[in-house]
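Here the structure is laid out as structure tokens; the discussion comes afterwards.
Everything numeric in this text was worked out from a predicted model, so none of it was measured.
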Amino acid sequence: RQEALDRERMMSMRYKELDIFKLDIIARELKGLDNQLGFVGKQVKMMQTDAGKLKNYDEQQQFGNHGSRMLDQCVHLRGHIRDV
């Protein structure tokens with residue numbers, strides 16, 4: 001709990017140092033990255049759906065596993081961006 005309070009104080013001091021306009025620009029950039037990651041996530045889901053249509057079971061599994069990892073990374077990155 002104390003560690004969380006210390007981090008909050010540190011972030012508060014950093015925000016005071018930054019200009020409000022800089023924060024707005026940073027927020028817009030992060031929102032853009034979040035949107036791009038959302039688009040990538042949708043594409044990965046489409047790829048996984050298409051992978052299910054492959055005739056070779058091994059290829060289906062390989063694409064499915066890669067897709068799952070990519071989707072997990074997108075979710076993790078989006079969560080991290082939203083935390084910032």
Side-chain angles (χ1 to χ4, degrees):
R1 178 169 168 87
Q2 183 61 36
E3 184 179 317
L5 291 173
D6 291 339
R7 280 187 297 187
E8 183 180 349
R9 273 191 230 114
M10 292 283 291
M11 287 186 73
S12 176
M13 286 192 288
R14 286 182 189 165
Y15 285 139
K16 287 179 184 177
E17 292 173 3
L18 289 174
D19 187 60
I20 189 71
F21 298 110
K22 289 180 184 175
L23 289 174
D24 187 49
I25 291 169
I26 292 169
R28 275 191 244 142
E29 289 293 324
L30 287 174
K31 179 69 173 174
L33 290 173
D34 185 42
N35 290 338
Q36 288 177 3
L37 282 171
F39 178 74
V40 170
K42 288 178 186 175
Q43 296 297 315
V44 169
K45 288 178 185 176
M46 289 172 52
M47 182 195 71
Q48 285 179 314
T49 302
D50 292 342
K53 298 175 186 175
L54 292 172
K55 293 180 183 178
N56 186 323
Y57 180 76
D58 291 334
E59 290 175 349
Q60 284 181 1
Q61 293 300 308
Q62 188 175 17
F63 274 96
N65 291 338
H66 288 304
S68 294
R69 281 190 296 252
M70 289 173 63
L71 196 55
D72 288 343
Q73 288 174 344
C74 285
V75 168
H76 177 73
L77 289 170
R78 287 188 86 186
H80 184 66
I81 287 173
R82 290 177 181 176
D83 286 345
V84 172

Path from Met70 to Leu37 over hydrophobic side-chain contacts below 4.5 Å
no
With sequence neighbours left out, the residues meeting side-chain contact (heavy atoms from CB on, under 4.5 Å) with Asn56 are Asp58, Glu59
**OP:** Decide yes or no for Lys31 and Asn35: does some side-chain heavy atom of the first lie under 4.5 Å from some side-chain heavy atom of the second?
**Re:** yes
To the nearest 0.5 Å, atom CD of Gln61 lies from atom OG of Ser68 at 9.5 Å
Interatomic distance, CE@Met10 vs CG@Asp6, rounded to 0.5 Å, equals 9.0 Å
Here the salt bridge (charged side-chain N to carboxylate O under 4.0 Å, His left out) pairs for residues 67-84, sequence neighbours left out, are Asp34-Arg78, Asp34-Arg82
CG (Asn65) and CD (Gln60) are apart, to the nearest 0.5 Å, by 11.5 Å
So CG of Asp50 and NZ of Lys45: to nearest 0.5 Å the spacing works out to 14.5 Å
Here the pair of heavy atoms bringing Gly41 nearest to Cys74 is N-SG, 4.1 Å
Hydrophobic cluster identity match, Leu33 and Leu77, side-chain contacts under 4.5 Å:
yes
**Prompt:** Would a hydrophobic clustering, with Ile, Leu, Val, Met, Phe, Trp and Tyr connected at side-chain separations under 4.5 Å, put Ile81 with Ile26?
**Reply:** yes
The reported gap from CE in Met47 to CG in Leu71 (rounded to nearest 0.5 angstrom) is 9.0 Å
